[in-house]
Amino acid sequence: MPVMIDRIIRSKRRTIALIMEGDGSVTVRAPMRASNRLILQFVEKHASWVEKKKVEMRAMVPFSPKQYLPGQSFLY
């Protein structure tokens, strides 16, 4: 199963990195001169890691944002 890349960020770096964002999206950080083919090969090589991380993220309890209601007290 191919890995869906949500975002590619090119910068002055020497290596390619895969990042799993909190929402489950996949970001690839790559050198400016890295070809799309090289990036896709890297992602395919690490597809099992991506799938493992996605399973771990689904198992985590989702974070629900705090709702501030009138008269409610909370610690800070």
Side-chain angles (χ1 to χ4, degrees):
M1 182 165 153
V3 175
M4 180 76 159
I5 301 171
D6 297 297
R7 187 169 49 161
I8 297 176
I9 300 173
R10 295 178 187 272
S11 62
K12 293 181 180 181
R13 59 181 296 130
R14 295 182 182 201
T15 59
I16 300 174
L18 277 172
I19 300 154
M20 287 294 298
E21 303 292 347
D23 61 356
S25 63
V26 177
T27 299
V28 178
R29 291 188 171 266
M32 292 287 228
R33 292 182 172 231
S35 67
N36 287 338
R37 184 171 150 222
L38 179 66
I39 293 170
L40 290 175
Q41 287 175 346
F42 181 85
V43 172
E44 287 175 11
K45 181 180 176 184
H46 294 89
S48 62
W49 178 85
V50 172
E51 291 304 318
K52 183 176 94 171
K53 290 297 177 185
K54 283 188 177 186
V55 168
E56 287 176 10
M57 292 184 84
R58 283 187 211 118
M60 293 174 57
V61 176
F63 174 77
S64 59
K66 181 92 171 143
Q67 294 183 358
Y68 299 100
L69 303 173
Q72 181 182 19
S73 62
F74 60 95
L75 299 173
Y76 62 93

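This structure is a prediction, so every number in the text was calculated from the model and none was measured. Any value given below was found using the heavy atoms of this structure, including those in side chains, with hydrogens, waters and symmetry copies removed.
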Would you check, one step at a time, whether the test side-chain contact (heavy atoms from CB on, under 4.5 Å) holds for Leu18 with Val43?
CA-CA 8 Å; Leu18 277 172; Val43 172; 3.8 Å; yes
Pairwise ring-ring contact (aromatic ring centres under 6.0 Å, His included) hits with a residue in residues 10-32, at least two apart
none
Taking only residues two or more places apart in sequence, or in another chain, which ones meet Glu21 in a salt bridge (Lys or Arg N to Asp or Glu O under 4.0 Å)?
Arg7
Any donor-acceptor N or O pair under 3.5 Å, side chains Arg29, Thr27:
no
Below 4.5 Å, heavy atoms only, C-beta onward: do Thr15 and Pro31 meet side chain to side chain?
no
Results of side chain to side chain contact (heavy atoms under 4.5 Å, CB included) for Arg33 - residues two or more places apart only
none
Is any side-chain heavy atom of Ile39 closer than 4.5 Å to one of Gln41?
no
Taking atom CD1 of Ile16 and atom CD1 of Ile8, what is their separation to the nearest 0.5 Å?
9.5 Å
With sequence neighbours left out, the residues meeting salt bridge (Lys or Arg N to Asp or Glu O under 4.0 Å) with Lys53 are Glu56
Does anything in residues 12-33 pair up under ring-ring contact (aromatic ring centres under 6.0 Å, His included), and if so which pairs, sequence neighbours excluded?
none
Minimum heavy-atom distance between Met57 and Met20, given as atom pair plus value
SD-CE, 3.8 Å
Please indicate whether Lys54 has more than 12 foreign heavy atoms, meaning atoms of other residues, nucleotides or ligands, lying under 6.0 Å from its NZ.
yes
Out of curiosity, does Ile9 fall in the hydrophobic cluster containing Ile5 (side-chain heavy atoms, cut-off under 4.5 Å, transitive links)?
no
State plainly whether one hydrophobic cluster holds both Ile19 and Val28, where clusters connect Ile, Leu, Val, Met, Phe, Trp and Tyr through side-chain heavy atoms under 4.5 angstrom apart.
no
With sequence neighbours left out, what residues match Ser35 under side chain to side chain contact (heavy atoms under 4.5 Å, CB included)?
Arg37, Leu38
